[in-house]
Q: 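Got a structure here, written out as structure tokens. Questions coming.
Computed from heavy atoms alone, side chains included, the values below leave out hydrogens, waters and symmetry copies. Predicted, not measured: the structure shown is a model, and the values here were computed from it.
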Number of protein chains: 2
Amino acid sequence: MARKDFGQYCGLARALELVGERWALLIIRELLTHPSRYTDLLEDLPGIPTNVLSTRLKELEQVGIVERQVAPAPQRGVLYALTEDGQSLQSAVLTLALWGNSRLGEQQASEFVPPSSVAMAFRATFNAQAAEGLSASWEIHTAGVMLYVVITKGQLTTGIGPASPDPDLVITIRSAQMPTFQAVLKAIASGKVETNGREELLGALIEIFAPAELLASLGR
Amino acid sequence: MARKDFGQYCGLARALELVGERWALLIIRELLTHPSRYTDLLEDLPGIPTNVLSTRLKELEQVGIVERQVAPAPQRGVLYALTEDGQSLQSAVLTLALWGNSRLGEQQASEFVPPSSVAMAFRATFNAQAAEGLSASWEIHTAGVMLYVVITKGQLTTGIGPASPDPDLVITIRSAQMPTFQAVLKAIASGKVETNGREELLGALIEIFAPAELLASLGR
DNA sequence: CTGCATCCACTTTGATACTG
DNA sequence: CAGTATCAAAGTGGATGCAG
């Protein structure tokens, strides 16, 4: 373990010692959007070796970032989730992702869009002012995954999975591949979606989440 | 290089591919506070192997984060500096450092405080409101290093090195080891410093940079 | 002196196979 | 489902050498 240490009394160095290893922050991104079991993480992070996942989870658990939970009745098995300390990494993850977004370039054929990155984008672009006082919930179905966006009195929660309780509006986007966040908003803005529920809530998503550039590119 | 790729079209993954390798963000932290030559970096990042530094600098240069410059007349040699893209990593570095600060714990005897982390702390805690319209400059001398803090019409620039032009106030803190940012502010607040210049600017530093908790711990 | 390149021991990672 | 075991390949750390 001494090899990992930088020997610096510095927040950045300490952060890198704790979550700077390969795959660590991607695991944390997954857990920020949904508690996962071991095999979920293997699926969501294709390419991660099983032993590395196993090692990272142990390390992250040891330093109090990740928690093992025994899953409740219906599922059973082990669930990994973030502790409060782990959750507090969210702003750092969002800031790094924001920088990385500007250097994404064109999507390669070999690259897939992680659903959790779309959920994170909802958090990053949330316009709290536009949502002030609002309570509403959406469920977005696309490429075989489900994403929930719930706003309760202006507070956002979003992640992978079904909305609970029942969402006010279900939005279905037909797509074989997972679309990017931008593509999702574009589909919504251009009406290329199927809806089920309170359709008047469709436009609200755009108002609340579309960044200025995107609005411009949509001609609004 | 294919090994480094995560195969994800995601800002976080891309960021980690570009600056996620060992030592990379620490190099960037150094360059955020002062352009450096190769040997400066070796000194400022004790423990980094020469070949790793060399490799990182090449990689970071190749992806447009770092620039090689031929140093001007007096010094000669090669200077490494951040490009604009590199500078834009600052918010990510600050956010990560902020999280890491909360997990620093007690300083170990084997740990040193990197001067650049103190400069970064000045940026992180800068209270723009308190500095609105102000123009003033400080130079802090301690443990053999010099730190400048310059505010021009409310805009902060800070880093390692002398202030130019001449600072309004020079503050000397006697200390063998580099003190932490908190220790610097504490020394200033408690008057355990020597000054040279416009002494009335001493208190302003506290008003502008002390975070609320620190003010509380100082009994203000 | 600066700015690396080279060499070697060691560690981490990736890929695959296998087990309770 | 939730990991271990194994092994090759790549990366890292430490020391040294060397040209400009």
Side-chain angles (χ1 to χ4, degrees), chain A residues 1-8 13 16-27 30-31 34-63 66-81 110, chain B residues 1-8 13 16-27 30-31 34-63 66-81 110:
Chain A
M1 294 287 165
R3 199 197 127 259
K4 279 172 53 174
D5 287 5
F6 289 105
Q8 303 186 5
L16 293 173
E17 287 165 2
L18 293 169
V19 298
E21 282 178 300
R22 197 160 163 75
W23 294 103
L25 279 177
L26 295 181
I27 293 171
E30 291 305 315
L31 298 182
H34 59 288
S36 309
R37 16 174 104 200
Y38 185 84
T39 43
D40 293 336
L41 290 169
L42 282 180
E43 269 184 48
D44 296 339
L45 300 171
I48 190 173
T50 59
N51 53 354
V52 171
L53 176 56
S54 170
T55 311
R56 290 292 168 277
L57 287 171
K58 273 178 215 153
E59 291 164 348
L60 292 173
E61 190 189 351
Q62 186 140 31
V63 297
V66 159
E67 252 175 356
R68 283 168 65 102
Q69 306 172 337
V70 174
Q75 323 178 13
R76 293 193 314 285
V78 183
L79 269 189
Y80 290 95
S110 61
Chain B
M1 294 285 165
R3 198 192 130 265
K4 278 172 55 175
D5 287 5
F6 289 106
Q8 304 186 5
L16 293 173
E17 286 165 5
L18 292 168
V19 299
E21 281 179 300
R22 197 160 160 78
W23 293 105
L25 279 177
L26 295 180
I27 294 171
E30 291 305 315
L31 298 183
H34 59 288
S36 309
R37 3 169 119 200
Y38 184 85
T39 42
D40 293 335
L41 290 169
L42 282 180
E43 269 184 48
D44 295 339
L45 300 171
I48 190 173
T50 60
N51 53 355
V52 170
L53 175 57
S54 172
T55 309
R56 290 290 169 279
L57 286 172
K58 275 179 214 152
E59 291 165 346
L60 292 173
E61 189 189 355
Q62 184 138 30
V63 297
V66 159
E67 256 176 354
R68 283 168 63 100
Q69 306 172 337
V70 174
Q75 326 179 11
R76 290 193 319 284
V78 183
L79 269 189
Y80 292 95
S110 60

Q: My understanding is that only residues two or more places apart in sequence, or in another chain, count here; which of them pass side chain to side chain donor-acceptor pair (under 3.5 Å) with A:E61?
A: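 Per chain and number, A:E61 pairs via side chain to side chain donor-acceptor pair (under 3.5 Å) with no residue.
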Q: If the condition is salt bridge (charged side-chain N to carboxylate O under 4.0 Å, His left out), which residues does A:E17 pass it with, not counting sequence neighbours?
A: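 If we apply the salt bridge (charged side-chain N to carboxylate O under 4.0 Å, His left out) test to A:E17, skipping adjacent residues, the hits are A:R14.
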Q: Quick check: do B:I27 and B:I48 have side-chain heavy atoms less than 4.5 Å from each other?
A: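 Yes, close enough: below the 4.5 Å cut-off.
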Q: Of the non-hydrogen atoms in B:Q8 and A:D44, which two are nearest, and what is the gap between them?
A: NE2-O, 4.4 Å
Q: From CG of B:L53 over to C1' of D:dG13, roughly how many Å is that when rounded to an integer?
A: 13 Å
Q: Hey, which of these two, A:R37 or B:V52, hits DNA chain D nearer its 5' end, going by closest nucleotide?
A: A:R37
Q: Please give, in whole Å, the distance from D:dT4 C1' to A:I48 CD1?
A: 16 Å
Q: B:R22 side chain N/O closer than 4.0 Å to the phosphate oxygens (OP1, OP2) of C:dT11?
A: no
Q: Taking the six-membered ring of B:F6, is NZ or CZ of A:R22 closer than 6.0 Å to its centre and within 45° of its axis?
A: yes
Q: Have a look at the helix from C:dC1-D:dG20 to C:dG20-D:dC1 and give the angle its two end axes make, five pairs each, rounded to 10 degrees.
A: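 It works out to 30° between the end axes.
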Q: Write down the distance between CG (A:L57) and C1' (D:dT4), rounded to a whole number of angstrom.
A: 14 Å
Q: Could you check which of D:dC1, C:dG3, D:dG3 has an atom nearest any side-chain atom of B:T39?
A: C:dG3
Q: With a 4.5 Å cut-off on side-chain heavy atoms, are A:E67 and A:Y80 touching?
A: no
Q: Nearest whole angstrom, please: distance from the P of C:dC4 to the CD of B:E61.
A: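 In whole Å, C:dC4 P and B:E61 CD are 9 Å from each other.
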Q: Rounded to whole Å, please give me the gap between NZ in A:K58 and P in C:dT13.
A: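 Taking NZ of A:K58 and P of C:dT13, I get 14 Å after rounding.
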Q: Measure from CD on B:E59 to P on C:dC4 and round the result to the nearest Å.
A: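 Value for this atom pair: 14 Å.
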Q: Take B:Y38 and B:L53, measure what side chain to side chain contact (heavy atoms under 4.5 Å, CB included) needs, and give me the verdict at the end.
A: CA-CA 8 Å; B:Y38 184 85; B:L53 175 57; 3.8 Å; yes
Q: Side chain to side chain donor-acceptor pair (under 3.5 Å) with B:D40: which residues, sequence neighbours excluded?
A: none
Q: What's the closest nucleotide to the side chain of A:E21 if the choices are D:dT4, D:dT12, C:dT13?
A: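 Looking only at heavy atoms from C-beta outward on A:E21, the closest nucleotide is C:dT13.
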Q: Figure out the CG/C1' separation between A:L45 and C:dG14, and round it to whole Å.
A: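 Roughly 15 Å, once rounded to whole Å.
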Q: Check the distance between C:dT2's P and B:E43's CD and give it to me in whole angstrom.
A: 8 Å
Q: Taking only the side-chain nitrogens and oxygens of A:W23, find out if one of them lies under 4.0 Å from OP1 or OP2 of C:dG14.
A: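 Indeed, a polar side-chain atom of A:W23 lies that close.
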Q: Please enumerate all protein N or O atoms sitting under 3.5 Å from an N or O of nucleotides 16-20 of chain C, with distances to 0.1 Å.
A:
residue	atom	partner	partner atom	Å
C:dT16	O4	A:T50	OG1	3.3

Q: Considering only heavy atoms from C-beta outward, does the side chain of A:L16 approach that of B:L26 to under 4.5 Å?
A: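 Yes; the side chains approach each other to less than 4.5 Å.
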Q: Between C:dC4 and B:Y80, is there an OP1 or OP2 to side-chain N/O distance shorter than 4.0 Å?
A: yes
Q: What residues form a salt bridge (charged side-chain N to carboxylate O under 4.0 Å, His left out) with B:R37, not counting sequence neighbours?
A: none
Q: Are OP1 or OP2 of C:dC4 and a side-chain N or O of B:R68 less than 4.0 angstrom apart?
A: yes
